[in-house]
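Here is the structure we will look at, set down as structure tokens.
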Amino acid sequence: MSTLPTLTPITSAWMQELMEEKTVLNELLAKHGSPINIHQTDAMAYNFNSYRKVFEEFGLKYKIFFARKANKTKGVVQKAHALGMGIDTASYQEYAQCLDMGIPPSDLIVTAAVKNRKLVEKAIQNGSLLILDNEDECALVQAVASAQDKKAKIGFRVSGFFVNEKKLYSRFGFDLLDIDDFISANFLGSEKFNYLEYKGLHFHLNGYSIEERSYALTQCLAFSQLLSKKGMKTEFIDIGGGILMNYLKYETEWEYFHQQLRKAVSRKVDPITYGNQGLGFEAVNGDLHGELKTYPFWNAVSKGDFLREILSYKIHSSENLAEVSNNLSIEIRMEPGRSMLDQVGVTVAKVAFRKQDSTGDWLVGLEMNMTQMLSGSADFLLDPFVLYQEEQSEEQPVEVYFTGAYCLERDILLKRKIALPNLPQVGDLVIFVNTAGYMMHFFESSAHLFPLATNLIWNRSTENGRINSAHFQNDENL
Ligand SMILES: Cc1ncc(COP(=O)(O)O)c(C=O)c1O
């Protein structure tokens, strides 16, 4: 038996149901090519409700915006809108497409890191809120709004919060230490930005710390009181995204994986990753340095519970942050992306070849490339599923790496070596689950002229209980 660590993903019923449907999956791959991304959006209601429940528990005025940058399909945006969410948009194309889908401008916000004139013109014309990052953006919005003779609704993105006396660095936003003077000089003491109508404050923090988000919210609430004394009313504070979700079934597996990775990098056991990559760990002169640089795929506090902990935080006060917000009549907003897509998508690819490399490791080549399932962190740490086309009468365990189609030595789809009951055959299917948040689209590219994967939306209404490939709609046609 393999001693490789396994990392068993949480898989919802629809994923298991789909994996029983080899014929349907084969038909879909034959029709659309490999790989395909399949979305089933029912879980978004559960994810949305986990946040909604918490806001309601605290009696807060709230609004939840789905950060659509995490997945580019129209299907997930339509579902978010149908659930009553607003949409956080990050480009002209994202914004304009939402309008084309009939989403009211009042439900759209623009947080794009770079806002070109075309985007600003469209947002002001339609009356959507823009979150501003710097003085040049204020000037652009002022110029466009005065040309249209129409006030622009704006919020300020703020950064540079202090957490236990340490300042959090961010390349985004107005620094907390400068913004008061900036507003006083340009909004209160001058007509310079007289077409900008202030509505609220915004932050989005890197990483996944509850404490840092609580400190940031505390400092925004304090700043809103200062602004209020100067006659500027803060209607909302938007706490951004970065709310954790949990991908894995077992904490014990997560702990064992950590242990084994550390041992492997220290050369105490055989490598468990391709080329013994440390995923953040490094052995220097026999000592292990660094830390795991992947998403925390297992975590105990996620989604609504994570939000509850932020809102329950008390910093130098007998009141928690929800109570302070309520007392100041401030609406709390958030922009979850990844966590709103928990249990919403899978990526399916076909096996093209198997071979053993010069070190004896098995490589299983898939008809896909590394950009079609790529994590912004060091690796995507979930075991994939293999659908063998032929019944496997007996197990012949094997350990493999899955490789991709780009002409790069580093096109290894998962850095982890994966233990399987049998070696896949050419034409077998490999399913990567829970890939809808960032994994499918964020880094995808068309090098070698490979077409981008087709995105399908599974409408789970079945005729006579049978699943049929016609139930899977191409997102382009929505
Ligand atoms: C401004 C802003 N809001 C929301 C999000 C969504 O974050 P997440 O997907 O981690 O929830 C991001 C992600 O980068 C962001 O930049």
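Ligands are counted one by one from 1 in listed order, and the atoms in each one are counted from 1 as well. Because only heavy atoms are used, hydrogens play no part in the values below, and waters and symmetry mates are left out as well, while side chains stay in.
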Under 4.0 Å from a heavy atom of [X]: which atoms of ligand 1 are those, numbered in the order shown and with their elements?
{"X": "R338", "answer": "8 (P), 9 (O), 11 (O)"}
{"X": "P336", "answer": "11 (O)"}
{"X": "E335", "answer": "1 (C), 2 (C), 3 (N), 4 (C), 5 (C), 6 (C), 11 (O)"}

Using modelled atom types only, decide if a donor and an acceptor are shared between the side chain of [X] and the backbone of [Y] within a distance under 3.5 Å.
{"X": "N455", "Y": "D475", "value": "no"}
{"X": "D178", "Y": "D175", "value": "no"}
{"X": "Q16", "Y": "T11", "value": "yes"}

Nearest neighbour in protein (non-hydrogen) for [atom]:
{"atom": "atom 9 (O) of ligand 1", "value": "Y438 OH, 2.5 Å"}
{"atom": "atom 15 (C) of ligand 1", "value": "K69 NZ, 3.0 Å"}
{"atom": "atom 8 (P) of ligand 1", "value": "G242 N, 3.3 Å"}
{"atom": "atom 14 (O) of ligand 1", "value": "H204 NE2, 3.6 Å"}

Give yes or no for whether the N/O distance cutoff of 3.5 Å, strictly under, is met between A70 and ligand 1.
-> no
State yes or no: are the ring centers of [X] and [Y] separated by less than 6.0 Å?
{"X": "F174", "Y": "F182", "result": "yes"}
{"X": "Y51", "Y": "Y62", "result": "no"}
{"X": "F257", "Y": "F297", "result": "no"}

Location of contacts on D88 toward ligand 1, heavy atoms closer than 4.0 Å |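 Looking at D88 and ligand 1, just side chain atoms fall under 4.0 Å.
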Can you confirm whether T252 sits close enough to Y256 that some side-chain heavy atom of one is under 4.5 Å from a side-chain heavy atom of the other?
no
